[in-house]
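Contents: one structure, followed by commentary.
Counting from 1, the numbers follow the sequence of the chain as shown.
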Amino acid sequence: MNIGVTVRLDQPITAAADAARRAEELGFGSVWLADHYFHRDVSAALALMMAATQRVRLGTAVMSPFLRHPTLLASMAATLREIGPDRFVLGLGTGGYEFAGEMGISMRRPLRITGETVQIVRELTQGRADVTGETFTAAGSTLRWPAADGPLYLAARGPKMLELSGRIADGVITHGIAPSHLDFVRDKVAAGAAQRTEGRAATCLMLDVEIDDDRSAALAKLAPRCVTMAGGAYADELIEVYGLDPEEVRALRATVRSGDRAAAAQQVTGSMAEAFGLAGPVDHVAAGLHGLFEQGVDEVIVSVGGSSPAETDQQLTALSKALA
C-alpha cells in the first residue's frame, strides 16, 4: 500500500526534517506539505527534508500558481529533484480559502489557469516553455541548468477539474472516502483519460485520521477537522455523492459563512466526519485504509491527529505498526 503522511509547518522549520526522517523510519512512502503563507516556507522545508531522507518521496498538497508563478514552481521542482532524484511530486491546486477574502485574488477560470500552469511547468522542465496564456505567460523561457522532469498531481473536487486531471496530470489529489464518491472520481478521471494517448492519473485520496481506543472520542476529535470539507463551497451535486444529508450541509454552510468556526465545528456530524476521515482504534483505521486500496485507490495521504508533535508521533507509530 502506498501511504503517505502530512507534516504541518506550524513548528520551527528544522522540525520538518525530523518529521520527514521519522516518517521514513516508520515505513511510510511519502511526506506531503501544504503551502500556506501563514506557516513556514514550503520550499525551504522541502529542501531540508529532502537532504535529511534517503528513500521517502516528498510532495506538495498543494501549491497554488496564484502564490508562485508557474516558472518558479518549475524551478523549485527541478531544484528539489537535484537534491533527491526521482523523489519529488509537484502537487498543484488553485484553491485556498484565504485567497479571495484576505488577498483579494479572483478565483475565476480555475480550469484554464490550471491548464496554463501545467503546460508551463512541463515545458520548462523538459527544456523551453513557449506559452502565452490569459493569466500566465512564459515566452521562450528556459531553466539554465539540466532540469529533471517529474510527476505532477492536481487537486480536484468538481467534475471538470477531475476530468482535466485525468487528461493532463500524473495524479489527482481529492477528498472523500465514500464508495459513491470513489466511483464518481473514477468515472470523471476516466472521461479525461480517454483524451490522452499515454500515461494515466493515479487516484490519491487525502484524509484525516484520529486514533483512539474510544471510537466516540476519536470521532469527536475528528469532526472539527472536517468543517471545511463538509461545509465548504463545493458544487451541490457532490453533497449526495459524498453520502451527506443536504439539509445538514446547508445548515453547516450557513454557520461557516457567518464566521463562527467554533459553532460550525459543533454542527459536523459523525457521518460528515466519516465521509472525509477515519476515526477509532488503530485496527479500525488500518482496516479502513486497506478497504480504500481494495476499491482501487492508488495512493493515500493521511493527516493524523494529536494536539502536540509527541501525540502525533504516537498516532503515526501506532498506525505504522498496525499496517505492518
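Here the side chain of D130 pairs a donor or acceptor atom with the backbone of G140 at under 3.5 angstrom. Side-chain atoms of R196 come within 3.5 Å of backbone N or O of G166 as a donor-acceptor pair. At distances below 3.5 Å, not a single donor-acceptor pair connects side-chain atoms of E210 with backbone N or O atoms of L222. The closest donor-acceptor contact from the side chain of S165 to the backbone of V172 lies at 3.5 Å or more, if one exists at all. The closest donor-acceptor contact from the side chain of R40 to the backbone of Q11 lies under 3.5 Å. The backbone N or O of V241 sits less than 3.5 Å from a side-chain atom of S180, completing a donor-acceptor pair. Here the side chain of R261 pairs no donor or acceptor atom with the backbone of V256 at under 3.5 angstrom. Within the 3.5 Å criterion, the main-chain N or O of A279 finds a donor-acceptor partner in the side chain of R215. Using modelled atom types, no side-chain atom of Q119 and backbone atom of V131 make a donor-acceptor pair closer than 3.5 Å.
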Inset, instruction - Evaluate the criterion salt bridge (charged side-chain N to carboxylate O under 4.0 Å, His left out) for residue pair D214 and K221; output intermediate values, then yes/no. - result: CA-CA 11 Å; D214 184 334; K221 288 183 282 188; over 6 Å; no
Inset, instruction - Output, in order, the C-alpha distance, side-chain angles, deciding distance and verdict of side chain to side chain contact (heavy atoms under 4.5 Å, CB included) for L323 and I3. - result: CA-CA 10 Å; L323 292 170; I3 297 179; 3.6 Å; yes
Inset, instruction - Mind running salt bridge (charged side-chain N to carboxylate O under 4.0 Å, His left out) on E24 and R21 for me, showing each step along the way? - result: CA-CA 5 Å; E24 184 172 77; R21 190 184 302 111; over 6 Å; no
Legend entry - Full working for side chain to side chain donor-acceptor pair (under 3.5 Å) between T94 and R112: CA-CA 10 Å; T94 57; R112 179 173 290 277; over 6 Å; no
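Residues L319 and L205 share a hydrophobic cluster, clusters being chains of Ile/Leu/Val/Met/Phe/Trp/Tyr side chains in contact below 4.5 Å.
For L67 against M103, the heavy-atom pair with the smallest separation is CD2-SD, 3.8 Å. Of all heavy-atom pairs spanning I177 and G277, the tightest one is CD1-O, 3.4 Å. Of all heavy-atom pairs between I173 and V62, the closest is CD1-CG1, 4.1 Å. Of all the heavy atoms in M50 and I83, the pair that sits closest is CG-CG2, 3.6 Å.
A 4.5 Å side-chain heavy-atom check between M272 and C226 finds every atom pair outside the cut-off.
For F136, the ring-ring contact (aromatic ring centres under 6.0 Å, His included) partners two or more places apart in sequence, or in a different chain, are H69. Under the side-chain contact (heavy atoms from CB on, under 4.5 Å) criterion, D313 pairs with R22, T317, sequence neighbours left out. Listed by chain and number, the residues in a ring-ring contact (aromatic ring centres under 6.0 Å, His included) with F66 amount to none (sequence neighbours excluded). Not a single ring-ring contact (aromatic ring centres under 6.0 Å, His included) links F88 to another residue, sequence neighbours left out. The salt bridge (Lys or Arg N to Asp or Glu O under 4.0 Å) search around D283 returns none, not counting sequence neighbours.
Defined by atom type and a distance below 3.5 Å, a donor-acceptor pair is present between the side-chain atoms of R87 and T53. In this model, no donor atom of one side chain and acceptor atom of the other lie less than 3.5 Å apart for R68 and T117.
Relative orientation of the H181 and F184 rings is parallel, given thresholds of 30° and 60° on the angle between their planes.
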Determine all donor-acceptor pairs shorter than 3.5 Å in which one atom belongs to a side chain in residues 287-305; sequence neighbours excluded.
residue: Q295; atom: NE2; partner: G291; partner atom: O; Å: 3.3
residue: D298; atom: OD2; partner: R200; partner atom: NH2; Å: 3.0
residue: D298; atom: OD2; partner: T203; partner atom: N; Å: 2.8
residue: E299; atom: OE1; partner: Y153; partner atom: OH; Å: 3.0
residue: E299; atom: OE2; partner: R57; partner atom: NH2; Å: 2.3
residue: S303; atom: OG; partner: T6; partner atom: OG1; Å: 2.8

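A salt bridge does not link E237 with K160: every distance from a Lys NZ or Arg NE/NH1/NH2 to an Asp or Glu carboxylate oxygen is 4.0 Å or more.
The number of heavy atoms from other shown groups lying within 6.0 Å of CZ (R108) does not exceed 12.
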